[in-house]
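Below is one structure, written out as structure tokens, with a few remarks after it.
For the single chain, residues carry numbers from 1 onward in sequence order.
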Amino acid sequence: MRNIKRLLLKCLPRYAVGRLCVYGRLMRVEKPIGTLLLLWPTLWALWIASEGVPDFVILLAFMLGTFLMRSAGCVVNDFADRDIDGAVARTNQRPFAQGLVSKSEAMLLLLILCLLAALCLLPLNRLTWLMSLPALFLAITYPFTKRFFPLPQFYLGLAFSFGIPMAFAAVTESVPPLAWLIFAANVLWTLAYDTIYAMADKEDDLKIGIKTSAITFGSHDVEAVMLCHFWFTVLMVVLGVQIGASWPYWLVLPLVVYWQWQQYQVIKTRERWACFRTFLENNRIGLAWFAGIVGHYAWLAWRGF
């Protein structure tokens, strides 16, 4: 982020650089974990739908679209939480909490991000365009569910999983049952890791009166996380059977189970920053399954020669 700022200072007036840096913080450019957690399941779907050989244009469109929509989701989230972020230790340095950005600026930035994401759809087929509508609705409305829905992390799981049927639609012009299997697995995984994320803020969230799965599950929050991890892994095993996965895919399974067990050992302490670090470690689970899927199709291709 500092290197980018120095480069901008050479090309733009100081005021413009300052505003761009604020907008970058609003988009969480300096925190790519959200983009990665959104990207991995989309890449799983693209590789499986294309049987290991995704079209470059489709791949680029989804990677750019993922970054833009995650950024848009962060802007909406901060807009929705602008009056409460200052009361939460982890979020009191965000632009709205510090009074660095106005509501009109945030809405203009949101509009620009959505328009850019829409441009990513241009090379894709009509079914993908149609699938993008519920995806957009879920992404924009998620931040407001924390006011009334007892499991907003489940709602986030739906939003974070819509890239999966969109990927199948873009590649195969259909959304087969296999896509919904991956969709269900990812909803469970998202519910698991975002509940861990919510455990880090549980004390603050109770004070300000918003709803999270960590609060809803109460003293059973750790058990709920591990149950979601368990069924997520079961569905990934079913996925492996469905695609006739070879050994690179199955190598990932014991590694992921080990990491999940490590997460249990940490989150059962319910210590705030330990839970937050554990949430971040879910990135390697998404990466590992992606590596397993890529390895499976690479092995098949090698055997075919």
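Looking only at atom types and distance, the side chain of Tyr258 has a donor-acceptor partner in the side chain of Gln262 under 3.5 Å away. For the 3.5 Å distance criterion, the side chains of Glu281 and Thr278 fail to qualify, holding no donor opposite an acceptor. Inspection of the Thr190 and Gln153 side chains reveals no N or O donor paired with an N or O acceptor under 3.5 Å.
Using a 4.0 Å cut-off between charged nitrogen and carboxylate oxygen, Asp221 and Arg270 count as a salt-bridge pair. Using a 4.0 Å cut-off between a side-chain N of Lys or Arg and a carboxylate O of Asp or Glu, Arg272 and Asp204 qualify as a salt bridge. Using a cutoff of 4.0 Å between basic side-chain nitrogens and carboxylate oxygens, Lys146 and Asp205 are not scored as salt-bridged.
Distance check: Asn125 CG to Glu173 CD gives 4.5 Å after rounding to the nearest 0.5 Å. Interatomic distance, Asn77 CG to Arg70 CZ, rounded to the nearest 0.5 Å: 10.0 Å. In this structure, CG in Leu136 is found 5.0 Å from CD1 in Ile140, a value given to the nearest 0.5 Å. Between the SG atom of Cys228 and the CD atom of Glu223 there is a distance of 12.0 Å, given to the nearest 0.5 Å. In this structure, Phe160 CZ and Leu37 CG are separated by 6.5 Å, a value rounded to the nearest 0.5 Å. Here the CE-SG distance, from Met63 to Cys120, works out to 11.5 Å after rounding to the nearest 0.5 Å.
Here the side chain of Asp194 pairs no donor or acceptor atom with the backbone of Tyr197 at under 3.5 angstrom. Under the 3.5 Å distance criterion, the side-chain polar atoms of Thr172 are left unmatched by any main-chain donor or acceptor of Ala169. A distance-only check finds no donor-acceptor pair linking the side chain of Thr269 to the backbone of Gln265 [under 3.5 Å]. Within the 3.5 Å criterion, the main-chain N or O of Ser102 finds a donor-acceptor partner in the side chain of Glu105. No donor-acceptor distance shorter than 3.5 angstrom exists from the side chain of Lys268 to the backbone of Gln263, with no hydrogens or angles considered. Remark: side-chain polar atoms of Thr216 are not paired, donor with acceptor, to backbone N or O of Ser213 under 3.5 angstrom. Between the side chain of Trp129 and the backbone N or O of Leu124 there is at least one donor-acceptor pair closer than 3.5 Å. A distance-only check finds no donor-acceptor pair linking the side chain of Arg284 to the backbone of Leu280 [under 3.5 Å]. Remark: side-chain polar atoms of Thr145 are paired, donor with acceptor, to backbone N or O of Tyr142 under 3.5 angstrom.
When hydrophobic clusters are built by joining Ile, Leu, Val, Met, Phe, Trp and Tyr residues whose side-chain heavy atoms come closer than 4.5 Å, directly or via intermediates, Leu108 is grouped together with Leu110. Leu111 and Leu113 are assigned to two separate hydrophobic clusters, defined by single-linkage of ILVMFWY side chains at heavy-atom distances under 4.5 Å. The hydrophobic clustering, which links ILVMFWY residues whose side-chain heavy atoms are closer than 4.5 Å, places Ile267 and Val257 together. No single ILVMFWY cluster, assembled from side-chain heavy atoms under 4.5 Å apart, contains both Leu206 and Phe149. Follow the hydrophobic side-chain contacts under 4.5 Å out from Leu64 and you never reach Met166; the two are in separate clusters.
Ring orientation note: the planes of Tyr193 and Trp189 are nearly perpendicular, at an angle over 60° on the 30°/60° scale. Classification of the Trp180-Phe162 ring pair by plane angle, with boundaries at 30° and 60°, yields perpendicular. Note: Trp44 and Phe232 have parallel aromatic rings, judged against thresholds of 30 and 60 degrees for the angle between ring planes.
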Exercise for the section: Please test Tyr155 against Thr141 for side chain to side chain contact (heavy atoms under 4.5 Å, CB included), starting from the C-alpha separation and ending with a verdict. Expected result: CA-CA 9 Å; Tyr155 196 91; Thr141 56; 2.6 Å; yes
*Residue pair Lys207, Asp201: steps toward the salt bridge (Lys or Arg N to Asp or Glu O under 4.0 Å) verdict*: CA-CA 10 Å; Lys207 290 176 185 176; Asp201 293 337; over 6 Å; no
Side chain to side chain contact (heavy atoms under 4.5 Å, CB included) assessment of Leu191 paired with Leu156 = CA-CA 8 Å; Leu191 181 55; Leu156 179 68; over 6 Å; no
Task: Worked check of side chain to side chain contact (heavy atoms under 4.5 Å, CB included) between Met27 and Leu109 - done: CA-CA 9 Å; Met27 295 162 56; Leu109 178 59; 4.0 Å; yes
Verify side chain to side chain contact (heavy atoms under 4.5 Å, CB included) between Asn282 and Ile285, making sure each step is shown before the conclusion.
-> CA-CA 5 Å; Asn282 278 275; Ile285 291 179; 3.7 Å; yes
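Side-chain rings of Tyr249 and Trp289 approach one another, their centers coming within less than 6.0 Å. The distance between the ring centers of Trp299 and Trp302 falls below 6.0 angstrom.
A cation-pi arrangement is present between Arg82 and Phe79, with the terminal nitrogen or guanidinium carbon under 6.0 Å from the aromatic centre and inside a 45° cone about the axis.
Here the shortest heavy-atom pairing between Thr42 and Ala167 reads O-CB, 4.2 Å. Minimum heavy-atom separation, Ser50 to Pro54: OG-N, 3.2 Å. Heavy atoms only, all atoms of each residue included: Cys74 and Arg28 are closest at SG-CG, 3.3 Å. Pairing each heavy atom of Val256 with each of Ala288, the nearest pair is CG2-CB, 4.5 Å. Contact record, Val171 with Ala49: CG1-O, 3.5 Å, taken as the closest heavy-atom pair. Of all non-hydrogen atoms in Ser132 and Leu121, the two that sit nearest each other are OG-CD1, 3.5 Å.
Contact of the Ile58 side chain with the Leu46 side chain is registered, since non-hydrogen atoms from C-beta on lie closer than 4.5 Å. Between Gln93 and Gln98 the shortest side-chain heavy-atom distance falls below 4.5 Å. In this structure, the side chains of Leu119 and Leu122 come closer than 4.5 Å at one or more pairs of heavy atoms. In this structure, Val75 and Tyr23 have side chains that are not in contact, with every pair of non-hydrogen atoms separated by 4.5 Å or more. The closest side-chain heavy-atom distance from Thr128 to Phe62 is below 4.5 Å.
Partner of Trp47 under the ring pair (Phe, Tyr, Trp, His ring centres under 6.0 Å) criterion, out of Phe290, Tyr297, Phe168: Phe290 alone.
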Output a table of donor-acceptor pairs, distance under 3.5 Å, between side-chain atoms of residues 235-246 and any protein atom two or more places apart or on a different chain; print 'none' if there are none.
unit_1	atom_1	unit_2	atom_2	d
Ser246	OG	His296	ND1	2.8

